[in-house]
Protein chains: 2
Amino acid sequence: MTVLNSAAATQAAVSPLKVTPASPLFLREDEIRRGIELLYFGYTSMIRGADAILEAQGLGRAHHRSLYFIARRPGLSVGELISLLGITKQSLARVLNDLGNRELVEQRVGVVDRRQRLLTLTASGAALEARLFTELERSMARAYGEAGQQAVTGFWAVLMGLVPPADRPQVEALQG
Amino acid sequence: MTVLNSAAATQAAVSPLKVTPASPLFLREDEIRRGIELLYFGYTSMIRGADAILEAQGLGRAHHRSLYFIARRPGLSVGELISLLGITKQSLARVLNDLGNRELVEQRVGVVDRRQRLLTLTASGAALEARLFTELERSMARAYGEAGQQAVTGFWAVLMGLVPPADRPQVEALQG
DNA sequence: CAGATAAGTCAACATGACTGTCCTTAATTC
DNA sequence: GAATTAAGGACAGTCATGTTGACTTATCTG
């Protein structure tokens with residue numbers, strides 16, 4: 001899956017996407033609103049690409065989020081997944097039951113703590129997640145490519161700044 | 001509302017938030033996943049701040065989005081709002097009826113096209129939107145301040161790159 | 001005038017979140 | 001070893017927000 005989008009990469013080297021740069025007074029209301037709006041439209045644009053695949057499977061975005069995090073951290077516990085998603089046990093239960101019934105996700109009893117149920121993708125679950133990821137990747141790789149490497153660093157920095165400091169370790173752990 | 005967060009602004013000048021910079025191979029899967037995750041957590045972190053205010057009013061995020069765009073573009077038509085939100089007329093109708101019944105939003109017949117209903121906030125609607133905006137602003141201003149001006153430009157560039165080119169004019173028009 | 005467009009309305013339905021409660025099993029603590 | 005705590009599952013009801021489809025009214029445009 002470590003596939004370079006060569007077209008986007010080429011474009012990155014050649015012509016970074018022009019956007020109006022932030023002004024020295026980049027905390028003015030208009031610039032705040034610009035960030036709010038771009039975050040809203042960017043986020044919804046990115047995830048919209050996977051919706052068609054999900055719908056064909058009779059799954060929704062909630063299922064996608066679970067598949068994504070289980071793929072990212074195989075063997076994570078139900079409690080850890082609840083914490084990442086920020087939803088209740090009961091909300092996650094239905095999603096996890098759906099995924100289990102479709103044999104996309106498997107549970108094993110924890111080794112160190114046998115109360116835990118550790119989650120992994122089955123082969124077909126991994127295949128579906130890969131297809132969904134490819135959709136997100138297409139969108140993100142194009143954006144990275146158009147904006148350029150330096151912009152990506154700024155993109156990450158602002159987004160991490162939006163996360164309350166108390167929650168940052170969890171996000172960083174995911175990416176360790 | 002053009003309030004500078006002086007603490008954040010000072011911090012911006014002094015010590016931009018350190019994040020692992022994007023590598024030259026910034027299209028590798030890990031870096032794509034990092035973007036996906038930060039976008040998810042950043043977006044949800046930002047909007048979560050307004051939820052308490054909304055809940056106290058008996059309103060939800062759908063109401064907030066309508067209030068936001070009506071505040072941003074006073075006098076926009078119902079059709080324009082549908083297009084911005086990407087939802088159906090029937091979905092918006094319920095939200096707009098709620099906001100009208102609470103006298104937060106008013107409708108006027110269009111001047112150039114009398115079929116249109118042009119939306120504006122009432123005084124109390126504007127007051128509520130301002131409170132909600134202040135919450136988002138707090139979060140965004142802190143992130144801008146921590147990351148620094150240059151990072152903000154990159155943040156905008158990547159997000160605009162995520163938006164399909166066909167949809168970009170609409171986003172830019174909002175910010176004209 | 002005929003057809004297209006903007007908007008409103010009613011109905012039925014799906015999804016994904018919530019709360020609350022009860023239960024089982026396993027780990028921890030006294 | 002007994003009591004408490006923690007992880008998870010199950011069941012029930014509710015709410016917010018989206019969807020389709022069908023129909024109406026007013027207005028604009030060719």
Side-chain angles (χ1 to χ4, degrees), chain A residues 40 43-44 47-48 50-70 75-102 105-120, chain B residues 40 43-44 47-48 50-70 75-102 105-120:
Chain A
Y40 170 71
Y43 178 72
T44 58
I47 62 177
R48 191 166 302 134
D51 285 352
I53 298 172
L54 288 167
E55 194 181 358
Q57 307 280 325
L59 300 174
R61 289 177 179 176
H63 302 94
H64 187 187
R65 287 194 289 274
S66 287
L67 287 175
Y68 181 93
F69 285 120
I70 298 170
L76 91 173
S77 71
V78 172
E80 288 167 341
L81 185 52
I82 286 170
S83 170
L84 278 172
L85 294 173
I87 61 175
T88 61
K89 178 178 60 161
Q90 296 88 333
S91 295
L92 180 59
R94 181 178 28 206
V95 172
L96 241 33
N97 285 333
D98 287 348
L99 296 175
N101 291 338
R102 284 173 162 79
V105 166
E106 279 179 343
Q107 304 193 357
R108 307 187 320 275
V109 170
V111 248
V112 301
D113 186 337
R114 292 168 45 83
R115 291 173 304 182
Q116 294 182 329
R117 298 294 176 269
L118 308 184
L119 304 165
T120 51
Chain B
Y40 171 70
Y43 177 72
T44 58
I47 61 176
R48 191 166 304 132
D51 285 351
I53 298 172
L54 287 167
E55 192 180 359
Q57 307 281 327
L59 301 174
R61 290 177 179 176
H63 302 93
H64 186 186
R65 287 194 289 274
S66 287
L67 286 175
Y68 180 92
F69 286 119
I70 297 170
L76 92 173
S77 70
V78 171
E80 287 166 343
L81 185 52
I82 286 171
S83 170
L84 278 172
L85 295 172
I87 61 176
T88 59
K89 178 178 60 163
Q90 296 91 330
S91 294
L92 180 60
R94 182 174 29 209
V95 171
L96 240 34
N97 284 333
D98 287 348
L99 295 175
N101 291 337
R102 284 174 163 78
V105 167
E106 279 178 344
Q107 304 193 354
R108 307 189 319 276
V109 169
V111 249
V112 301
D113 185 338
R114 292 170 46 82
R115 291 172 305 179
Q116 292 184 330
R117 297 296 176 270
L118 307 185
L119 304 165
T120 51

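- At a threshold of 4.5 Å between non-hydrogen side-chain atoms, the residues B/Gln107 and B/Leu118 do not count as touching.
- Against DNA chain D, the stretch residues 53-61 of chain A makes no heavy-atom approach under 4.0 Å.
- At a non-hydrogen distance threshold of 4.0 Å, A/Gly86, A/Ile87, A/Thr88 from residues 79-88 of chain A come into contact with DNA chain C.
- One atom, CZ of A/Arg94, and another, C1' of D/dA12, lie 12 Å apart when rounded to the nearest Å.
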For nucleotides 24-30 of chain D, just jot down a letter per nucleotide in 5' to 3' order: B, S or -, based on protein non-hydrogen atoms under 4.0 Å.
-> --BBS--

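- A 4.5 Å side-chain heavy-atom check between A/Arg102 and A/Leu59 finds at least one atom pair inside the cut-off.
- Remark: the backbone N or O of A/Gly79 is not paired with any side-chain donor or acceptor of A/Ser83 at under 3.5 angstrom.
- A 4.5 Å side-chain heavy-atom check between B/Ile87 and B/Val95 finds every atom pair outside the cut-off.
- Out of D/dG9, D/dG18, D/dA10, the shortest distance to the side chain of A/Val78 is found at D/dG9.
- Looking at heavy atoms from C-beta onward, B/Leu119 lies out of side-chain contact with B/Glu106 at the 4.5 angstrom threshold.
- One distance of note links OG of A/Ser66 with CG of A/Leu81; it measures 4.5 Å at 0.5 Å rounding.
- The distance between atom CG of B/Asn97 and atom P of D/dT17, rounded to the nearest whole Å, is 14 Å.
- Nearest approach of B/Val109 to B/Arg114, heavy atoms of both residues: CG1-O, 3.4 Å.
- In this structure, the side chains of B/Thr88 and B/Ile82 stay at 4.5 Å or more apart for every pair of heavy atoms.
- Contact check for B/Leu99 versus B/His63: side-chain heavy atoms found under the 4.5 Å cut-off.
- Spacing between atom CD of A/Gln116 and atom C1' of D/dG9 amounts to 15 Å, rounded to whole angstrom units.
- Contact annotation: the side chain of B/Leu85 approaches that of A/Tyr40 to within less than 4.5 Å [non-hydrogen atoms, C-beta and beyond].
- Closest-nucleotide positions on DNA chain C for A/His63 and A/Gln90 were compared, and the one nearer the 5' end corresponds to A/His63.
- Contacts classified as salt bridge (charged side-chain N to carboxylate O under 4.0 Å, His left out) and involving residues 57-70 of chain B (residues at least two apart or in different chains) are given here: B/Asp51-B/Arg61.
- For DNA chain C, the contact window with chain B, defined by any atom under 4.0 Å from a protein heavy atom, covers C/dT5 to C/dC10 in 5' to 3' order.
- Annotation: the span from B/Leu54 atom CG to B/Ile47 atom CD1 amounts to 10.0 Å, rounded to 0.5 Å.
- For the atom pair CD1 of A/Ile70 and CG of A/Leu96, the computed distance is 5.5 Å after rounding to the nearest 0.5 Å.
- Using a 4.0 Å heavy-atom cutoff across all strands shown, A/Ala62 reaches sugar-phosphate atoms only and no base atom.
- Comparing the helix axis at one end of the helix from C/dC1-D/dG30 to C/dC30-D/dG1 with that at the other, each defined from 5 consecutive pairs, gives an inter-axis angle of 30° (nearest 10°).
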